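Structure first, then comments.
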Amino acid sequence: MQKLIIHGGTPISGEVQISGAKNAALPILCASLLTGETFRVTNVPSLNDTTTMLSLLEQMGVNISIDKRSEISLTAANLSNLIAPYEMVKTMRAAILVLGPMLARVGEAKVSLPGGCAIGLRPVDQHIKGLQAMGAEISIEHGYIHAKANHLIGAHIIMDIVTVTGTENLMMAATLADGTTILENAAREPEVIDLAECLISMGAKISGAGGDVITIKGVKSLHESTYQVMPDRIETGTFLIAAAASGGEIHIKNTRPDILGVVLDKLNESGAEIEFGKDWINLKVNQRLKSVNLRTAPYPAFPTDMQAQFMVLNSVAEGTAIITETIFENRFMHVLELKRMGACIEVEGNTAVIHGVTNLEGAGVMATDLRASASLVLAGLIAQGETIIDRIYHLDRGYERIEEKLSCLGVRINRIN
Ligand code: EPU
């Protein structure tokens, strides 16, 4: 198993180019199932999760060609296999995103129930409820969701909770349904808007994405298109914290400050100096940062995918901060590892109290999930001495060429087997 070794303690400095967003690329790749014509996606990040998604789509019969790095053509002219197997869904829950499009296009799909997850229970009841409202017959057989529908019918669906992939699955299914679907209490995440814009480029009739009511008028078929995946806001936030927590300076290119509002506000509040233009952000830190309280919630509130990284910033900031996690029930797995590096954190239920210390110390630590891994990398680069991070396959699911990018910013980081 591979590990990362980081020699920390030096402020980072330099510029970095942000990759395409994992959480936009995954649903957008699944949109290829909605048409028999060739669909070209650009700015696809090279990650374990995108590779897993491409293997799944290929297994289902999608013809895939990688035109050049980050540009992929997908043609789903003949879908020969309706099954998304457990082996794939258990390694990447986003595989559930094939359910809606397969059902809409070929009238049947069998997708493994995802099962347990490191960060919380993460049921998929809202995906199922929405598809049933659109006329699908769904049964759970031998651990698989078996969905069938001669033809999906537009429906008015009020979602019980805000779910990102739930909204995306139903939006994709509704593009080919008979009549109009209204999704109420829809997720407003920028990745949902990116998927909607991609579907519109393929001929779908969607309005309201980015708000909490999305209206989709079903069409007979979708057509070929080329779509560029948006930049990754979580990768951007992770690099901003790398610079902020290490007391350094960074110029971030190919990003979208307009969708990072609350993250930039919190960094400002902590004392970082930030400037930005349409697609770039500069961050500089000259003094010790101040602790910032935060509470995760659906967009536009503070993203759960940035919670672990802000925990690291608070670990070495001046003062005490309170972080409340409201999206996932078990997303504090990084706390015990950060404590092994000298952080002073108490957890009570879904709240963590972080008392800032002046220094973290390098240690051997274990990654438990994707964003927890990112937090350990950040902790490693500000800690005194050597940090060895085990189980970094979690990190490779969501960060493209992270050690190469960090090396260019002056971090001493190596991957070992
Ligand atoms: N939920 C239900 N029922 C459902 C669906 C969700 O109860 O049918 C609950 C979940 O258990 C959770 C909450 O609703 O408590 C929100 O979950 P959501 O469905 O929004 O999460 P997701 O769609 O599975 C996406 C991202 C996650 C990100 C969350 C929240 C993708 C592929 N994944 O997951 O990304 O944390 O939204 O923003 O888009 C990551 O990148 O590290 C990551 C985990």
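Side-chain atoms are counted along with the backbone in the values below, which use heavy atoms only and exclude waters and symmetry mates. Keep in mind it's a predicted model, so treat the numbers as computed, not measured. Start at 1 and go down the list; that is how both ligands and their atoms are numbered.
- Checked by atom type and distance alone, the side chain of E37 never pairs as donor or acceptor with a backbone atom of H223 at under 3.5 Å.
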Open item on the list: Go through it in stages, so that I can follow the logic: the residues are F332 and M311, the test is side chain to side chain contact (heavy atoms under 4.5 Å, CB included), and I'd like the CA-CA distance, side-chain angles, deciding distance and then a yes or no.
Closed with: CA-CA 9 Å; F332 282 147; M311 181 92 76; 3.7 Å; yes
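- Put simply, part of R331 is less than 4.0 Å from ligand 1, judged by heavy atoms.
- Here's the thing with E189: none of its N/O atoms is less than 3.5 angstrom from an N/O atom of ligand 1.
- At least one heavy atom of D125 sits closer than 4.0 Å to an atom of ligand 1.
- Taking atom 30 (C) of ligand 1 as the reference point, the nearest protein heavy-atom neighbour is T304 CG2, 3.8 Å.
- For F328, no nitrogen or oxygen atom sits less than 3.5 Å from a nitrogen or oxygen atom of ligand 1, counting backbone and side chain alike.
- Close approach of ligand 1 to I327 (heavy-atom distance below 4.0 Å) involves ligand atoms 12 (C), 15 (O), 16 (C).
- Not a single heavy atom of R93 sits under 4.0 Å from any atom of ligand 1.
- For E168, the heavy-atom gap to ligand 1 stays at 4.0 angstrom or more.
- The residue among R397, E325, R122, Q126 with a heavy atom at the shortest distance from atom 10 (C) of ligand 1 is R122.
- Between G398 and ligand 1 there is no heavy-atom distance shorter than 4.0 Å.
- Scanning all protein heavy atoms for the shortest distance to atom 14 (O) of ligand 1 gives I161 CD1, 3.0 Å.
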Open item on the list: If you apply the rule side chain to side chain contact (heavy atoms under 4.5 Å, CB included), what do you find for I140 with I128, and how did you get there?
Closed with: CA-CA 10 Å; I140 308 292; I128 294 175; 4.2 Å; yes
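- With a heavy-atom cut-off of 4.0 Å, D305 touches ligand 1 through its side chain alone.
- Counting only distance, with no hydrogens or angles, the side chain of K129 and the backbone of I158 share a donor-acceptor pair below 3.5 Å.
- Protein heavy atom closest to atom 4 (C) of ligand 1, with residue, atom name and distance, is P123 O, 3.0 Å.
- Closest approach of A133 and A155 over heavy atoms only: O-CB, 3.4 Å.
- With a 4.0 Å heavy-atom cut-off, ligand 1 is reached by the backbone of T163 and by its side chain too.
- In this structure, the side chain of K22 does not engage the main chain of D232 through any donor-acceptor pair within 3.5 Å.
- Of the N and O atoms on the side chains of D67 and S65, at least one donor lies less than 3.5 Å from an acceptor on the other residue.
- Under the 30°/60° scheme for interplanar angles, the aromatic rings of F302 and F310 are found to stand perpendicular.
- Looking from atom 26 (C) of ligand 1 to the surrounding protein, the closest heavy atom is N23 ND2, 3.6 Å.
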- [ ] Evaluate the criterion side chain to side chain contact (heavy atoms under 4.5 Å, CB included) for residue pair L370 and I119; output intermediate values, then yes/no.
- [x] CA-CA 10 Å; L370 169 55; I119 59 177; over 6 Å; no
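- Between the side chain of E325 and the backbone N or O of I327 there is at least one donor-acceptor pair closer than 3.5 Å.
- Using a 4.0 Å cut-off between heavy atoms, L121 makes no contact with ligand 1 at all.
- Judged by distance alone, with hydrogens and angles left aside, the side-chain atoms of E329 form a donor-acceptor pair with the main-chain N or O of L121 at under 3.5 Å.
- Distances shorter than 4.0 angstrom occur between a heavy atom of R371 and an atom of ligand 1.
- Counting heavy atoms under 4.0 Å from ligand 1, residue V164 touches it through both backbone and side chain.
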Task: Worked check of side chain to side chain contact (heavy atoms under 4.5 Å, CB included) between I214 and V192 - done: CA-CA 10 Å; I214 304 180; V192 174; 4.0 Å; yes
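- Not a single donor-acceptor pair under 3.5 Å links the side chain of N414 to the backbone N or O of I5.
- Nearest residue to atom 23 (O) of ligand 1 from L26, V124, T165, D160 is T165 (criterion: closest heavy atom).
- Annotation for ligand 1: atoms under 4.0 Å from non-hydrogen atoms of H127 are 8 (O).
- Residue K22 approaches ligand 1 through these ligand atoms, each under 4.0 Å from one of its heavy atoms: 40 (C), 41 (O).
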